[in-house]
Amino acid sequence: MLEIQAVRNHTENVIKGLEARHIKDASSQVETLLDLDDQRRKIITNLESNRQEMNQTSRSIGKLIGQGKQEEAEAAKSRTSTLKSDIQEEEQMLKTIEENLFNILVSFPNINHPSVPVGKDEKDNVVAFRNDIEVKFDFEAIPHWELATKHDIISWELGVKLTGAGFPVYIGKGARLQRALIAWFLDRAGEAGYVEIQPPLMVNEDSGFGTGQLPDKEGQMYHITAENFFLIPTAEVPITNLFRDTILNEEELPVKRCGYTPCFRREAGSYGKDVKGLNRLHQFDKVEIVHISHPDKSYEVLEQMCDHVMGLLTELGLPFRKLLLCTGDTGFTSAKTFDMEVYSAAQERWLEVSSISNFETFQTNRLKLRFRDESKKTRLLHSLNGSALALPRILAAILENNQQADGSILVPEVLRPYTGFDKIG
RNA sequence: GGAGAGGUGGCAGAGCGGUCGAAUGCGGUGGUCUUGAAAACCAUUGACCUUUGCGGGUCCGGGGGUUCGAAUCCCUCCCUCUCCGCCA
């Protein structure tokens, strides 16, 4: 959620930012917002002076009665009843105005960083880096869903039997390879200074609001109605919410956390080749890194996080590219996002395996996550997170890119200590 | 699932319907003392909103009510803890 002060102080910027995001009627919406804010502050001023008088008068009544001045006490009482109705009326108005204000404010996406290219959709994203690994086959490469079935390491049918489409069952070496990836990712994150967290996989509404899934985006999450809990769509939600309503000391920064969790997404409306095999699932595994940063350092941190993820991809020997997302493709809560995509030689397409974002104060404003600066003032921190990494597409890429002419699949060197085997098949 | 207890400042823990943003202790910070440290002593120590500033206001789990006035009384919702039952 944008800070109202920021909208007030940098109005032009905000309007431009919203327009770059293709928000309809950005400038008139902002105008409405500022108008409401104005009304709000006027009412507060009035309300507070009435309350002041009310407090003082009420207090004097006690004294007057004590002194036996009944008449004066009665006069004061009648004054308070006038004040009381004024106050109630103003409170009601304030409540309405604040609700309207809040509704507009939560509907606004984050404003992009100036370095983010203006664009409409994924076609306008910019390739920021590409490594020089190339995968070529002198035989007919087959996609991972066929490889998985052939080696009996993933069963789509059994997943359907147990639950439904998008819930695959990993078997034998398939399961082991997943576990190896998770362990390796966590170990590497730990080496990079991220403290490992095992959070709950369900969160309450407050948590959903804190990271920006609620309101409005609840359709993307599985909802446990009996308890009003939500299955987490990413570890970002519980791990970032660890710091909800927190004031950190500057010495405690930066805060670095990581965690492995399954992620649950309804993915309503997805279909076609995008959802084939492991490309899009309702439940998948992911290791997430979360960073709470001093506002002056967050863009430095964003690059560090990207470097960490690129390091993983390099060690896995996968062809990848780093994309800077344009304004139209950046997520609702993010100010700047890099996606990492791995090339799948068998599918002949790029697969998104990581998304690394700086949310600046968009989440921390909702979370009330602040720190005390040198002058002892509280200020909002910046929050960032990134997948390091999401499992299914990495698994898909490994299977496809590492397939051999004899049909077997080589396990990347770095994973072998974790898998205990060198190849599948 | 059954029964009970409770939700107050960073923590612990008082609080008569009015002078309570709230005693006290611990912790934190600054100081005195000390070669230094500890101890002791003194002082200080919440967040938010509004205001250029002075100041003012709000907040004792959330919401509502009674009252001139509510942390204190009433209603309601939420949450936590303890015991019993069931159970990995």
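In the text below, chain A, chain B and the rest are named by the order of the sequence lines, each starting its count at 1.
- Within the 4.5 Å cutoff, side-chain heavy atoms of I154(A) are placed close to those of L278(A).
- For the C1' atoms, the distance from rG61(B) to rG7(B) is 6 Å, rounded to whole Å.
- Summarising the geometry, the separation between CD on Q88(A) and P on rG64(B) is reported as 11 Å, rounded to the nearest angstrom.
- Here the side chain of S58(A) pairs no donor or acceptor atom with the backbone of N55(A) at under 3.5 angstrom.
- The shortest distance between the side-chain N/O atoms of T378(A) and the OP1/OP2 oxygens of rC48(B) is below 4.0 Å.
- Across the protein-nucleic acid pair, L47(A) atom CG and rC48(B) atom P stand 20 Å apart, rounded to whole Å.
- Not one side-chain nitrogen or oxygen of R40(A) sits closer than 4.0 Å to the OP1 or OP2 atom of rC49(B).
- Between the CG atom of N365(A) and the P atom of rC48(B) there is a distance of 12 Å, given to the nearest Å.
- Rounded to whole Å, the C1' atom of rA5(B) lies 41 Å from the corresponding atom of rC42(B).
- Atom P of rU32(B) sits at a distance of 23 Å from the matching atom of rG25(B), rounded to the whole Å.
- Residues passing the side-chain contact (heavy atoms from CB on, under 4.5 Å) test with Q52(A) are Q56(A), sequence neighbours excluded.
- Using a 4.0 Å cut-off between charged side-chain N and carboxylate O, K16(A) and E19(A) make no salt bridge.
- For rU44(B) and rC26(B), the P atoms lie 16 Å apart once the distance is rounded to whole Å.
- A heavy-atom distance below 4.5 Å is not found between the side chains of M93(A) and Q39(A).
- Judged by a 6.0 Å distance limit and a 45° cone about the ring axis, K173(A) is positioned over the six-membered ring of F421(A).
- Rounded to an integer number of Å, the gap from CZ of F371(A) to P of rA47(B) is 14 Å.
- Ion pairing between E303(A) and K322(A) holds under the 4.0 Å rule for side-chain N and carboxylate O.
- Going from atom CD of E91(A) over to atom C1' of rC49(B) covers 14 Å, rounded to whole Å.
- M54(A) places its CE atom 9 Å from the P atom of rC68(B), with the value rounded to the nearest Å.
- Across all strands, R8(A) comes closer than 4.0 Å only to sugar-phosphate atoms, never to a base (heavy-atom distances).
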Pair assignment for RNA chain B - dot-bracket with | for other-strand partners, Watson-Crick or G-U under 3.5 Å: ((((((((.[[[..)..(.....]]]((((((.......))))))(((((....))))).[[[[[..)....]]]]])))))))....
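- S344(A) places no side-chain N or O within 3.5 Å of a backbone atom of A397(A) that could act as its donor or acceptor partner.
- Residue S58(A) is in base contact, counting any heavy-atom pair closer than 4.0 Å across all strands shown.
- Annotation: side-chain hydrogen bond (donor to acceptor under 3.5 Å, both in side chains) contacts of K286(A) (sequence neighbours excluded): T234(A), E288(A).
- Going from the P atom of rC16(B) to that of rG53(B) covers 39 Å, rounded to whole Å.
- Rounded to the nearest Å, the gap between the P atom of rA71(B) and that of rU66(B) is 16 Å.
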Summary of protein contacts for nucleotides 72-81 of chain B, nucleotide by nucleotide, where a base hit scores B, a sugar-phosphate-only hit scores S (4.0 Å, heavy atoms): ----------
Base-contact (B) and sugar-phosphate-only (S) positions in nucleotides 52-58 of chain B, heavy-atom cut-off under 4.0 Å, - elsewhere: ----BSS
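- Side-chain N/O atoms of R370(A) include one lying less than 4.0 angstrom from OP1 or OP2 on rC48(B).
- Spacing of P atoms, rG9(B) relative to rG62(B), comes out at 10 Å, to the nearest Å.
- Between the R393(A) side chain and the E352(A) main chain, a donor and an acceptor come within less than 3.5 Å of each other.
- Put simply, the side chain of N112(A) gets close to the backbone of A335(A): a donor and an acceptor are under 3.5 Å apart.
- Using a 4.0 Å cut-off, no side-chain N or O of K42(A) falls inside it from OP1 or OP2 of rU50(B).
- Rounded to whole Å, the separation between the C1' atoms of rC81(B) and rA43(B) comes to 38 Å.
- Between the CG atom of N249(A) and the P atom of rU45(B) there is a distance of 18 Å, given to the nearest Å.
- Each salt bridge (Lys or Arg N to Asp or Glu O under 4.0 Å) pair with one or both residues in residues 408-425 of chain A, not counting sequence neighbours, appears once here: E413(A)-R416(A).
- Checked for salt-bridge contact, E250(A) and R379(A) miss the test: no charged N lies under 4.0 Å from a carboxylate O.
- Regarding N228(A), its CG atom lies at a distance of 15 Å from the C1' atom of rG62(B), rounded to whole Å.
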